[in-house]
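Encoded as structure tokens, the structure appears first; notes follow it.
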Amino acid sequence: MEAPNLATAIPDRIGAWTDGHWVAPGSHANDLPVMNPTTGQRIGTLAEADADAVAAAVDAARRRFAAGDWSRAPVDARKAVLVRIRDLMRERAEELAQLETLGTGIPITQARGRHVLRAAMNFEFFAEFISQSADRLYDQNPDYLTLVRHEPVGVAGLIAPWNAPLALATMKVAGAIAFGNSCVLKPSELTPLPFLPLMEILHDAGLPDGVVNLVNGRGPVTGQALVAHPDVDVVAFTGGTATGRLIGAAAGKGLKRVVTELGGKSANIVCADADLDRAVDAAVLAGFSNNGQQCLAGTRLLLQRTIADEFLDRFIARVRALRVGPPAETSTEIGPLISAGQLERVSGYAKVAREEGAEILTGGDPADLGGGYFFQPTVVRARSNEQRVCREEIFGPFVSVLEFEDFDEALSIANDSEFGLVAYVWTGSLAQAMRAADELRTGVVWINTPLFRELRAPFGGFKHSGVGRDGGDWSRGLFTEAKTVSIPRRDFALARLSS
Ligand code: TXE
């Protein structure tokens, strides 16, 4: 397939998408540079939406919600639009993947094979979900039928991060609109590019104008204005834990419902009785796919002492063989980090590792590719789970290794974390697998498999990895108001006052 001409896809200044149109940014708007992480060069300009621009987008969403042509449309009509969005995303998949890679540095094979497919699947999933899910009816009481309706909440404020812009933003957008809400999406200011074609796709698929609006800009400016806007009823956020606290507090102040999906420091436990070939493959994938920038990365590799040396030899050899390079090349497995700031942060953790006496087994420095934000795939052997490289989310190609004696110790190290997003367990023992499922304090436990997202099941974190869940019924819970309606089944004597 011929590569799309991306230069024509990027306007001089990227504004907001309100009521079905790109809104020309006012001359007073702050201009922010959009950087290419592969070269460190500017590739675009973002005109930041201020509080007024955010209010205009929220107003468009509210008007469309009140009009009722989407919010009260028959489920089959909404389903048909969602399916058309999926189809158009598939038709324009190459363009979406190229823009995702250009803006994030995610290797093109992963943008094509994982991100864009998942983004299209998000619309398909919610199309099917609304078509098949039914409301409950309670008929246990002989006098009444009581039914539960799920009605859209209203206007959703959706805040997405930069590490998987399309996949994570569309999970929120698809969930919000499938249930009849309108929304305002704020992608990360670092990664506006794939949303240029996405907004056109929503329009071309027949989604009424104003159902999805988009504002661009920094968190403390555009994001904060969106969360604080009194006409935003529900907030869904994926990002860092520190930001999650701010958003939870702001949403709480406005009594808005909120879900936050935050950071992780997930344990990847490899027991001596595991299939080590698969466990090595998975440890590389869990630590280094998506350039290591994913909340569910397996960044604490816990190895049973009896197999630790053998496992590490094989693991390190594979990590050293990872192909670091320009993400647009199909041979590349590790692209650049998202930003100069993230490169500095990850480099800082290599310094911390050295200062704390952790042993750098491979990597540990920026990778010199003549520009851009590249960092070498890095593995460190930590001295204890107390070290910062075991406690803090680094968010780069950086895995910390610890050893354990027995399964009790593995579970206790895994749970000794302020985070609780996912855990990986590799074992040949059903009893150990079941114990892991019982005792790990994480929102997801992957047994003998890495990185599987079941959209029907809840996803989210325990502890400081977030509040709430999305997926299937959990997204419905977030994006709908439950209403109980009781109807008498027959005439019966009512209690009478003042008779
Ligand atoms: O994320 P932020 P940052 C973690 C990861 C990373 C760290 C910092 O450890 O190193 O967070 O990354 C918007 N009100 N994750 O600072 O700021 C922001 O504009 C409203 C984990 O880049 O959380 C962007 O759209 N919105 C993670 C989004 O929040 C605000 C993904 C996420 O950015 C805001 C990303 C505010 N006050 C980072 N401040 C994951 N869970 O996958 C910021 N934003």
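In this text, all values refer to a predicted model and were calculated from it rather than measured experimentally. Residues: numbered from 1 along the sequence shown. Atoms within a ligand are numbered from 1 in the order they appear, just like the ligands themselves.
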Short list, please: which atoms of ligand 1 are under 4.0 Å from a heavy atom of Q224?
14 (N), 20 (C)
Side-chain ion pair, E393 and K265, N-O less than 4.0 Å:
no
To which protein heavy atom is atom 18 (C) of ligand 1 closest, and what is the distance rounded to 0.1 Å?
E189 OE1, 3.7 Å
With only distance considered, is K186 within less than 3.5 Å of ligand 1 through an N or O on each side?
yes
Salt bridge or not for D209 and R64, using N-O below 4.0 Å?
no
Would you say atom 22 (O) of ligand 1 makes contact with the protein, given that contact here means a non-hydrogen protein atom less than 4.0 Å away?
yes
Tell me, do W22 and L214 make a side-chain contact under 4.5 Å, heavy atoms counted?
yes
Determine whether any heavy atom of Q342 lies closer than 4.0 Å to an atom of ligand 1.
yes
Which residue holds the protein heavy atom closest to atom 11 (O) of ligand 1, what is that atom called, and what is the gap in Å?
G240 CA, 3.1 Å
Which ligand 1 atoms does G239 reach within 4.0 Å, using its non-hydrogen atoms?
15 (N), 21 (C), 23 (O), 27 (C), 31 (C), 32 (C), 35 (C), 40 (C), 41 (N)
Is I247 touching ligand 1 with its side chain, its backbone, both, or neither, if touching means heavy atoms under 4.0 Å apart?
side chain
Count the heavy atoms belonging to other residues, nucleotides or ligands that lie under 6.0 Å from CZ of R456, then report whether that count exceeds 12.
no
Parallel, tilted or perpendicular: rings of F125 and F129 (30°, 60°)
tilted
Ligand 1 contacted by A242 (non-hydrogen, < 4.0 Å):
no
Atom 35 (C) of ligand 1: closest protein heavy atom, distance to 0.1 Å, is P161 CB, 3.7 Å
Aromatic rings F398 and Y349: how do their planes relate, parallel, tilted or perpendicular, breaks at 30° and 60°?
perpendicular
Atom 8 (C) of ligand 1: closest protein heavy atom, distance to 0.1 Å, is R345 NH1, 4.6 Å
May I ask you to identify the nearest protein heavy atom to atom 37 (N) of ligand 1, giving residue, atom name and distance to one decimal place in Å?
L246 CD1, 3.9 Å
Shortest reach to atom 30 (C) of ligand 1 by a heavy atom, considering only A225, A297, A251, G219:
G219
Pairwise side-chain contact, L82 with I177, heavy-atom cut-off 4.5 Å (strictly under)
yes
Checking the N or O distance criterion of under 3.5 Å, is ligand 1 in contact with L190?
no
Using a heavy-atom cut-off of under 4.0 Å, does the side chain or the backbone of E261 touch ligand 1, or both, or neither?
both
Which of parallel (below 30°), tilted (30 to 60°) and perpendicular (above 60°) describes F395 and W162?
perpendicular
Region of A250 that comes within reach of ligand 1 [heavy atoms, distance under 4.0 Å]
neither
Just need the protein heavy atom nearest to atom 9 (O) of ligand 1, so name the residue and atom and give the distance.
E393 OE1, 2.6 Å
of all protein heavy atoms, closest to atom 25 (O) of ligand 1 is A160 O, 2.8 Å
Quick note on ligand 1: atoms under 4.0 Å from a heavy atom of C295 include exactly 40 (C), 41 (N), 42 (O)
Could you tell me the residue and atom name of the protein heavy atom closest to atom 13 (C) of ligand 1, and the distance to it rounded to 0.1 Å?
I159 CG2, 3.7 Å
Counting only heavy atoms not in R354, do more than 12 fall under 6.0 Å of its CZ?
yes
Pairing of E48 and R218 as salt bridge, 4.0 angstrom limit
yes
Run down the list T243, T238, N216 and name the one with the heavy atom closest to atom 17 (O) of ligand 1.
T243
Would one find an N or O of R218, backbone or side chain, under 3.5 Å from an N or O of ligand 1?
no
Could you list which atoms of ligand 1 come closer than 4.0 Å to a heavy atom of L262?
41 (N)
Residue from N290, V444, L296, V422 passing side chain to side chain contact (heavy atoms under 4.5 Å, CB included) with L451
L296
